[in-house]
Structure formats: structure tokens, C-alpha cells
Amino acid sequence: MSDMIKKDGYDYKFNPLACQTCQAKCCTGESGYIYVNASEIEAIAAFCTLSAEDFTKKYLFKNGYKYSIKERKVQESYECAFYDRASNGCLIYDVRPQQCKTFPFWDYFKTRVDELKLECPGVVDAI
Ligand code: SF4
Ligand code: SF4
């Protein structure tokens, strides 16, 4: 399929059309960390018309020395604070963290493709 995205060093490809019907499995489901660095905090705070300090208090928590976006518990699932169920989209899409922009091409998944396939229906083997 011509819309497939491939990246050097990865044994899989990604079909972005899958996002239309997937209900954002990468933004919901199991609890996880959505890390933001200092420049991302500045950018997202500005996008939300908040100071970095107020944004941090409202939307972030610390894990070790890093900040992660808070999640909401919805029934037995968790979802990112910026996931919008009504539109099935990201409320901060234009300034979303690099971690979100680069999914599903993370180093972590290079050797864990089966785990990734369970999370992301857009991932298929690159053959
Ligand atoms: S889990 Fe995969 S298919 Fe679903 S929205 Fe995220 S990137 Fe798209
Ligand atoms: S910031 Fe946006 S793209 Fe990233 S997990 Fe949250 S809702 Fe999803």
C-alpha cells in the first residue's frame, strides 16, 4: 500500500489510515508515561494559554527527573489528559510531544514488534 510509512532500521511499516478506526489505542488503554521535555512544556503551555508553572501543576506529574502528562481513569482504562473522546483526537495535536509524534517508531519497539502490534493496529511486517 503506497500510504505505508517505513523507517530505516525498523522491521515493520505503519499504515496511518488505521488511525481513523482505531479509537486512539496509543492515547488510551493501559497506563503509561507521556514524557515532555522543557521546550515541549513551554510550547504546550503557551498553546493552552497557561504559564509553564500553571500548566505543570495542572497537567503534569514527575517520574524520577522527568515530567509526564497526567491521565484520566475511565472505567478500566486510562487516557491521556489531552485525548478528546468526542473527536477521537488530540487536543494539543500541533504541539504534541515528540514521543507522540514518533510513535510507533520507537527504539523500544525495534525488538518488540509483537508487543507493538497488540497496541497499534496500523503496524504490519515490512516484507
Ligand atoms: S494506536 Fe496506531 S493506529 Fe491507533 S491511533 Fe495510535 S498510531 Fe494510529
Ligand atoms: S498528547 Fe495527544 S497524541 Fe500524545 S498521548 Fe496525549 S492525546 Fe495522544
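Atoms within each ligand, like the ligands themselves, are counted from 1 in listed order. The figures that follow rest on heavy atoms only: side chains count, while hydrogens, waters and symmetry mates do not.
- At a 4.0 Å heavy-atom cut-off, the residues surrounding ligand 1 are F14, A18, C19, C22, A24, K25, C26, F103, E119, C120, P121, G122, listed by chain and number.
- For ligand 2, the atoms lying closer than 4.0 Å to a non-hydrogen atom of Y83 are 7 (S).
- Every atom of ligand 2 with a heavy atom of P97 under 4.0 Å away is listed here by number and element: 1 (S).
- Judged purely by atom type and a 3.5 angstrom limit, S77 uses its side chain to pair as donor or acceptor with the backbone of G29.
- A search for salt bridge (Lys or Arg N to Asp or Glu O under 4.0 Å) contacts involving D8 returns nothing, not counting sequence neighbours.
- A salt bridge does not link K25 to E119: none of the charged nitrogens lies less than 4.0 Å from a carboxylate oxygen.
- Heavy atoms from other residues, nucleotides or ligands lying under 6.0 Å from NZ of K70 number more than 12.
- Between Y83 and N88, the side chains place a donor N or O and an acceptor N or O closer than 3.5 Å (distance only, hydrogens not considered).
- A 4.5 Å side-chain heavy-atom check between C120 and F14 finds at least one atom pair inside the cut-off.
- Near F82, meaning under 4.0 Å from one of its heavy atoms, ligand 2 places the atoms 7 (S).
- Using modelled atom types, one finds no donor on one side chain facing an acceptor on the other under 3.5 Å when comparing Y35 with Q98.
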